[in-house]
Amino acid sequence: MVMIKIENIWMSQRNLKRFDQVSKMISDLREGCVLPTIELSRDEDGEFQLEDGHHRLTAIYLSGRKILHEDEYFVVEKDRYRSRCGKIQDLINYCKF
C-alpha cells in the first residue's frame, strides 16, 4: 500500500450525520492521537472509494493533511460498488465546513 491523496478518494455518501465528531477528531489529531483505520475499496477503474470513515477522513483533511498514510487505511475487495457522491471537497462544501 502507498500514501493516497485524499482529494482523489471518491465518497460514498454526500452528508455527515454527526458534525460535532469532526471537530473533536481534529483536536485529537492535533494532539497526536491516532484515529481508527479507514476502509477503502478500489473500483474496476483502480480508483479508491471510501466505504467507512467519512468523519475520520474529513477530520484528517480539515486538520491540514492532504495525504492518507498507508497505516491509516485498508482496502477491501468488493463485488458491488456503492454509488459515488463526489470527492472530499464536495462533501465539505455540502456540509458547509
Side-chain angles (χ1 to χ4, degrees):
M1 286 193 275
V2 296
M3 293 187 294
I4 301 171
K5 287 184 179 181
I6 294 172
E7 64 190 25
N8 293 339
I9 299 171
W10 287 96
M11 303 292 112
S12 56
Q13 66 186 50
R14 73 179 81 248
N15 197 3
L16 298 175
K17 296 177 183 171
R18 296 181 280 301
F19 295 106
D20 56 323
Q21 283 186 350
V22 175
S23 26
K24 170 73 170 108
M25 288 180 198
I26 291 170
S27 297
D28 290 347
L29 287 166
R30 290 186 176 148
E31 292 175 11
C33 294
V34 177
L35 300 178
T37 311
I38 292 170
E39 181 181 326
L40 302 173
S41 63
R42 189 179 292 212
D43 66 18
E44 56 274 345
D45 297 332
E47 296 194 59
F48 289 104
Q49 182 160 336
L50 187 57
E51 296 293 329
D52 183 52
H54 289 76
H55 292 79
R56 287 169 272 160
L57 188 67
T58 301
I60 291 169
Y61 190 78
L62 291 176
S63 73
R65 294 231 334 270
K66 305 305 179 208
I67 299 289
L68 191 60
H69 298 279
E70 59 188 305
D71 61 341
E72 295 178 306
Y73 71 91
F74 65 95
V75 179
V76 296
E77 296 297 322
K78 295 286 218 179
D79 292 333
R80 177 183 272 164
Y81 299 97
R82 296 166 71 179
S83 61
R84 292 178 173 175
C85 298
K87 303 234 175 150
I88 189 72
Q89 197 58 56
D90 299 312
L91 180 64
I92 289 169
N93 291 343
Y94 185 83
C95 295
K96 297 180 174 62
F97 277 104

Consider only side-chain heavy atoms of I, L, V, M, F, W and Y, link residues closer than 4.5 Å, and tell whether Ile88 and Leu50 are in one cluster.
yes
same_hphob_cluster(Met11, Tyr73) at 4.5 Å side-chain heavy-atom cutoff:
yes
If every non-hydrogen atom of Leu40 is compared with every non-hydrogen atom of Glu51, which pair is closest and at what distance?
C-CG, 4.0 Å
Checking Arg14 side chain against Gly86 main chain: does a donor-acceptor pair fall under 3.5 Å?
no
Exam field: side chain His54 to backbone Leu16, donor-acceptor pair closer than 3.5 Å:
no
Side chains of Ser12 and Gln49: is there a donor and an acceptor less than 3.5 Å apart?
no
When rounded to the nearest 0.5 Å, the distance separating CZ of Arg42 from NZ of Lys78 is 15.0 Å
Separation between CD1 of Ile4 and CD1 of Ile9, rounded to the nearest 0.5 Å
5.0 Å
In a table with atom names and distances, give each donor-acceptor pair under 3.5 Å that connects a side chain of residues 90-97 to protein atoms at least two apart or in another chain.
from, atom 1, to, atom 2, distance (Å)
Asp90, OD2, Lys87, N, 2.8
Asn93, OD1, Gln89, NE2, 3.1
Asn93, ND2, Gln89, O, 3.3

Taking the side chain as everything from C-beta on, heavy atoms only, tell me whether Val75 gets closer than 4.5 Å to Phe48.
yes
Please table the atom pairs, donor to acceptor, closer than 3.5 Å between any side-chain atom in residues 60-68 and protein atoms at least two apart or in another chain.
from, atom 1, to, atom 2, distance (Å)
Ser63, OG, Ala59, O, 3.4
Ser63, OG, Ile60, O, 2.7
Arg65, NH1, Glu72, OE2, 3.3
Arg65, NH2, Ile67, O, 3.0
Arg65, NH2, Glu72, OE1, 2.5
Arg65, NH2, Glu72, OE2, 3.0

Worked verdict on Ile38 versus Asp52 for side-chain contact (heavy atoms from CB on, under 4.5 Å)
CA-CA 6 Å; Ile38 292 170; Asp52 183 52; over 6 Å; no
